[in-house]
2 protein chains.
Amino acid sequence: MTSMNERHFTPNCVGDGYSSVSNAGSCEQCVARHISMCSVLNENEIGIISSISKNITKQTKQIICTEGDTAKYLYNIKKGCVRISKMLVDGRRQIIGFLFPGEFFGLACTNGYSYSAETITETDLCQMPRTQLFQKFSELPSLGQKVLEITRTELQFTHDQMLLLGRKRAKEKLCSFLLTMQNKSSLVKNIEKNQLFLPMSRSDIADYLGLTIETVSRQFTILTKEKIISLEGNPLINILDLGRMEIIASGE
Amino acid sequence: MTSMNERHFTPNCVGDGYSSVSNAGSCEQCVARHISMCSVLNENEIGIISSISKNITKQTKQIICTEGDTAKYLYNIKKGCVRISKMLVDGRRQIIGFLFPGEFFGLACTNGYSYSAETITETDLCQMPRTQLFQKFSELPSLGQKVLEITRTELQFTHDQMLLLGRKRAKEKLCSFLLTMQNKSSLVKNIEKNQLFLPMSRSDIADYLGLTIETVSRQFTILTKEKIISLEGNPLINILDLGRMEIIASGE
DNA sequence: CGTGCATTTGACCACCTTCAATAAAGGTGG
DNA sequence: CCACCTTTATTGAAGGTGGTCAAATGCACG
């Protein structure tokens, strides 16, 4: 690996070690049951899903799946944070999304995974075989409907992200991102209103917003100087002027 | 409208005039029946959809729906080309996609449309009330499954587009776009292999790729000088070196 | 053949990137 | 618990890709 490309390859995933598997999830008591696609299933129905799902725990910065691999499984996140990304041949990376408890990935794939997934924090996953899950849709129509509904919402969000990537300036991108993360992180950690939690690195943020680490860092400094945010030591951030931030995020 | 923003607003849609509506589509003979979501429906089932759908014909550059409007309908395209777009408050525009016969829009919406849709060419549409269509999913499970499948594919494609918007250079963006359009236009018009059809303006291409018209135009010139393409007078383009184009599109 | 719009081309500029150095944070072993 | 090292983040200076502004050319249509 040449030093020129080092910045892009960011090899901060050590491999597929450090993961533990436990059999046949007890979906009935799953911490994510009521915030995930499984929320539509009653006590009888949840058993059907329980029979095909496995629990997996992974440490920080582990690879869950790699772009191009045969897409055998769909993963539901129970605890932690996962990043989904795609790469160009020379190592340029685009992060497609940061996923939190209740969200899933591995659906939008043909034969192989169309993206890579890596843990950002220690993560508990629910692993379901894709084909088996898809077959259950006829037996559990409400689940299929729910998955469609979630996918619709997801598609809508990616449209917002396309607007961000194609048309927003660096400062607008960062403000939009912080607002999104505030909404998401309020669901996860119970933190103060006007605080937010950023478990990912500057490099991850940069690759999510189509910027470089340096630009992200500079924008953080600018927002701090303008008293719109204050850095409370990683990974905590205070929002001092939410109104101003929303205006900037929307494009003035 | 100030001259400063004129380039952004590109008010090339005259309004909602010039459209004709005909009642209760004869879906059985629909030209898009076998290339759209309806392809999964048999002779009995198609009648159910037929009962809730209307045919609409619109001239070039007409508004079909506007971001924020109450999302009453889902539209299936039977003939023509439609652009889907989102705007920032100051008029910066991002085109989310160009849609061709067999494709639909209006699904990924909550209460209001999350994007605007306008015709690029003369267009025949099939208009279905969203709520009624969604209700049919329980009666026609295969349709719901098909819509999910299409939406999954769509989501996967938007991920590719995020990689393009966030990480590709202007030249790579244009080559990727031309390849996409070659695939799509081969489905629509029966034109020579290694030819492609671009019904949209430079301004549309720019707003789709997160660039300006000038940059798009310059890249067209560069690709022409490098003998990768040749402009056969709008809207036809010859691809002279497909291999080279694919390499550039993938990021070298 | 002239008008109006889209596209191309040119000159200059700005935002973001690149390259580089420094500072801060985190992790490991003594 | 602190010294040492690695990794990550910040800051600075210089450069480039693509944007802005402006003019010219091409093209369709009356």
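- Using N1 to N3 plus N6-O4 or O6-N4 for Watson-Crick, or N1-O2 and O6-N3 for G-U wobble, each under 3.5 Å, D:dG19 pairs with C:dC12.
- Distance CG (B:L223) to P (C:dT9): 12 Å, rounded to an integer number of Å.
- B:K168 has its NZ atom 18 Å from the P atom of D:dT17, to the nearest Å.
- In this structure, B:L211 places its CG atom 15 Å from C1' of C:dC16, rounding to the nearest Å.
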B:D160 vs A:K86, test: salt bridge (Lys or Arg N to Asp or Glu O under 4.0 Å). Steps then yes/no.
CA-CA 8 Å; B:D160 292 334; A:K86 292 176 76 79; 2.9 Å; yes
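- Between B:E67 and B:Y115, the side chains place no donor N or O within less than 3.5 Å of an acceptor N or O (distance only, hydrogens not considered).
- Using a 4.0 Å cut-off, no side-chain N or O of B:S203 falls inside it from OP1 or OP2 of C:dA6.
- Among all heavy-atom pairs drawn from B:T60 and B:T119, the shortest one is C-OG1, 3.5 Å.
- Residue A:T215 has a polar side-chain atom (N or O) positioned under 4.0 Å from OP1 or OP2 of C:dT17.
- Applying the 4.0 Å criterion to OP1 and OP2 of C:dT8, one finds that B:R202 has a side-chain N or O inside that range.
- Qualifying ring pair (Phe, Tyr, Trp, His ring centres under 6.0 Å) partners for A:F104, counting only residues two or more places apart in sequence or in other chains: none.
- Atom-to-atom, CG of A:L174 to P of C:dC15 comes out at 17 Å; the value is rounded to the nearest Å.
- Between A:L236 atom CG and D:dA9 atom C1' there is a gap of 17 Å when expressed in whole angstrom units.
- Counting to the nearest Å, the C1' atom of D:dG19 and the CD atom of B:Q219 are 13 Å from each other.
- One can place CZ of A:R218 at 10 Å from C1' of C:dT18, the figure rounded to the nearest angstrom.
- Between A:E214 atom CD and C:dA23 atom C1' there is a gap of 15 Å when expressed in whole angstrom units.
- Comparing D:dT20, C:dT7, C:dT17 against the side chain of B:S217 picks out C:dT7 as the nearest.
- Counting atom types as modelled, B:R169 pairs no side-chain N or O with a base atom of D:dG16 as donor and acceptor under 3.5 Å.
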Please step through salt bridge (Lys or Arg N to Asp or Glu O under 4.0 Å) for the pair A:D204 and A:R93, ending with a clear verdict.
CA-CA 9 Å; A:D204 286 339; A:R93 184 179 67 155; 2.9 Å; yes
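- Close to C:dT8, at under 4.0 Å from its OP1 or OP2, lies no side-chain N or O of B:K225.
- Residue B:L209 is out of contact with every strand shown, counting any heavy-atom pair closer than 4.0 Å.
- At the heavy-atom level, A:I205 lies nowhere under 4.0 Å from the strands shown.
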